[in-house]
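Scope of the values below: all heavy atoms of this structure, side chains included, with no hydrogens, waters or symmetry mates. What you are looking at is a predicted structure, and each value in this text was computed from that prediction instead of being measured.
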Amino acid sequence: ISIDTKSMMFICGGAFEGLYDQVYLRVVQPGSGEKLKSQAIQTADGQVRIETRFALTDFLKSEDLFEYGMVPQFMARFDNVVLLRELDTAVLRDILLKSVDSPFIRSKRFFEVMKINLEIEELAASLIAEAAEKNNRTGARALRTVFGKIVNRLEFDPWSHRDLVDMGDGHHKLVITADMTRRVVNP
């Protein structure tokens with residue numbers, strides 16, 4: 001394989017956890033001249049609240065990378081620094097419902113072996129995604145944690161769950177409801 005060095009793209013990715021904290025502390029420092037943004041957020045339950053959020057993409061400067069410890073000669077090799085946006089509730093919900101590696105899809109396949117059709121209410125999926133977003137620094141992995149708290153009990157003994165519905169022909173249906181999700185997410 002021949003690589004033309006003029007058109008070679010170098011991608012440097014990773015979790016620069018200290019960088020996030022460093023930029024946040026710079027921004028909230030009195031006299032920084034920068035201000036965190038507030039926005040109205042509508043929850044899955046329809047409530048509206050005002051949140052002040054910090055997003056690295058809004059405040060990162062190349063000087064922050066130097067202070068973080070990247071050598072200027074190394075940084076000079078990059079034409080662009082692009083940050084990926086954090087996963088919001090809508091994206092996390094799509095990942096939960098549609099991703100091949102989704103914990104919901106994995107559980108759905110698990111239950112199919114027992115002839116149980118696992119379903120999830122739209123609101124329940126949104127509540128799970130909303131809870132996962134609160135732990136936004138772990139990305140989509142937070143979905144596994146939140147969803148696992150709901151489904152682990154069901155996977156252990158689905159036959160004794162009161163909401164298991166007999167569909168006939170040996171098939172059953174089990175629906176993850178918003179109420180079930182609220183009990184786990186907001187104990």
Heavy-atom closest pair (Ala124 atom, Thr181 atom, distance to 0.1 Å) is CB-OG1, 3.4 Å

For Ile176 and Asp163, run side chain to side chain contact (heavy atoms under 4.5 Å, CB included): C-alpha distance rounded to whole Å, both residues' side-chain angles, the deciding distance at 0.1 Å, then the answer. CA-CA 9 Å; Ile176 296 174; Asp163 294 329; over 6 Å; no

Output, in order, the C-alpha distance, side-chain angles, deciding distance and verdict of side chain to side chain contact (heavy atoms under 4.5 Å, CB included) for Leu154 and Met180. CA-CA 11 Å; Leu154 301 174; Met180 189 185 300; 4.2 Å; yes

Decide whether Leu87 and Ile105 are clustered together by the hydrophobic rule: side chain heavy atoms of Ile, Leu, Val, Met, Phe, Trp, Tyr closer than 4.5 Å, transitively. yes

State, to 0.1 Å, how close Trp159 and Leu164 come at their nearest heavy-atom pair, and which atoms those are. CE3-CD2, 3.5 Å

Within this structure, what is the CG-CD1 distance for the pair Leu143 and Ile95, rounded to the nearest 0.5 Å? 6.5 Å

Within the 4.5 Å heavy-atom criterion, are Ile120 and Thr177 side-chain neighbours or not? no

Let me confirm one number: the OG-CG distance from Ser99 to Leu92, rounded to the nearest 0.5 Å. 11.0 Å

Does a side-chain N-to-carboxylate-O contact under 4.0 Å join Lys35 and Asp58? no

Just wondering, more than 12 heavy atoms not from Lys149 lying within 6.0 Å of its NZ? no

Calculate, to the nearest 0.5 Å, the distance between atoms CZ and CZ belonging to Arg144 and Phe104 respectively. 14.0 Å

Can you confirm whether Phe111 sits close enough to Asn117 that some side-chain heavy atom of one is under 4.5 Å from a side-chain heavy atom of the other? no

Tyr24, OH atom: more than 12 neighbouring heavy atoms under 6.0 Å: no

Run the salt bridge (charged side-chain N to carboxylate O under 4.0 Å, His left out) test on Glu51 and Arg49 for me, step by step, so that the C-alpha distance in whole Å, both residues' side-chain angles and the decisive distance to 0.1 Å come before the verdict. CA-CA 6 Å; Glu51 284 187 1; Arg49 66 177 184 264; 2.5 Å; yes

For the pair Gln39 and Ile50, evaluate side chain to side chain contact (heavy atoms under 4.5 Å, CB included) and give the outcome as yes or no after the intermediate values. CA-CA 6 Å; Gln39 61 188 30; Ile50 303 296; over 6 Å; no

Do Phe54 and Tyr68 belong to the same hydrophobic cluster, where Ile, Leu, Val, Met, Phe, Trp and Tyr are linked whenever their side-chain heavy atoms lie under 4.5 Å apart, directly or via other members? yes

Would you sort out whether Thr43 and Glu130 count as a side-chain hydrogen bond (donor to acceptor under 3.5 Å, both in side chains), showing the intermediate values? CA-CA 8 Å; Thr43 66; Glu130 195 172 86; 4.6 Å; no

With a 4.5 Å cut-off on side-chain heavy-atom distances among I, L, V, M, F, W and Y, is there a chain of contacts connecting Tyr20 to Leu36? yes

So, the side chain of Ser102 versus the backbone of Lys98: is there a donor-acceptor pair under 3.5 Å, distance only? no

Is the backbone N or O of Gln29 less than 3.5 Å from a side-chain atom of Ser32, with the two atoms forming a donor-acceptor pair by type? yes

Neighbour count >12 (heavy atoms, 6.0 Å) for atom CG, Asp169: no

Do Leu19 and Leu60 touch side chain to side chain, with heavy atoms closer than 4.5 Å? yes

Please walk me through it: do Arg26 and Asp21 pass salt bridge (charged side-chain N to carboxylate O under 4.0 Å, His left out)? CA-CA 9 Å; Arg26 176 183 55 79; Asp21 296 335; over 6 Å; no

Do Val184 and Leu123 share a hydrophobic cluster, counting only Ile, Leu, Val, Met, Phe, Trp and Tyr and linking them when any side-chain heavy atoms are less than 4.5 Å apart? no

Residues Thr89, Glu133; criterion side-chain hydrogen bond (donor to acceptor under 3.5 Å, both in side chains); working and verdict: CA-CA 6 Å; Thr89 302; Glu133 183 188 19; 2.5 Å; yes

dist Ser62:OG -> Met70:CE (nearest 0.5 Å) comes out at 11.5 Å

First locate atom CD of Gln42, then atom OG of Ser126, and finally report the distance between them rounded to the nearest 0.5 Å. 10.5 Å

Val146 and Leu127: side chain to side chain contact (heavy atoms under 4.5 Å, CB included), yes or no, with the steps? CA-CA 10 Å; Val146 176; Leu127 290 169; over 6 Å; no

Where His172 and Asp166 come nearest, the two heavy atoms and their spacing: CD2-CA, 3.6 Å

Min side-chain heavy-atom separation Ile128-Ile150 under 4.5 Å: yes

Salt bridge (charged side-chain N to carboxylate O under 4.0 Å, His left out) between Asp179 and Arg182, intermediate numbers included: CA-CA 5 Å; Asp179 289 335; Arg182 281 189 197 100; 3.0 Å; yes

Is any side-chain heavy atom of Ile116 closer than 4.5 Å to one of Phe110? no

Same apolar cluster (I L V M F W Y, side chains within < 4.5 Å links), Leu118/Met114: yes

Between Lys61 and Glu67, does at least one N-O distance fall below 4.0 Å, as a salt bridge requires? no

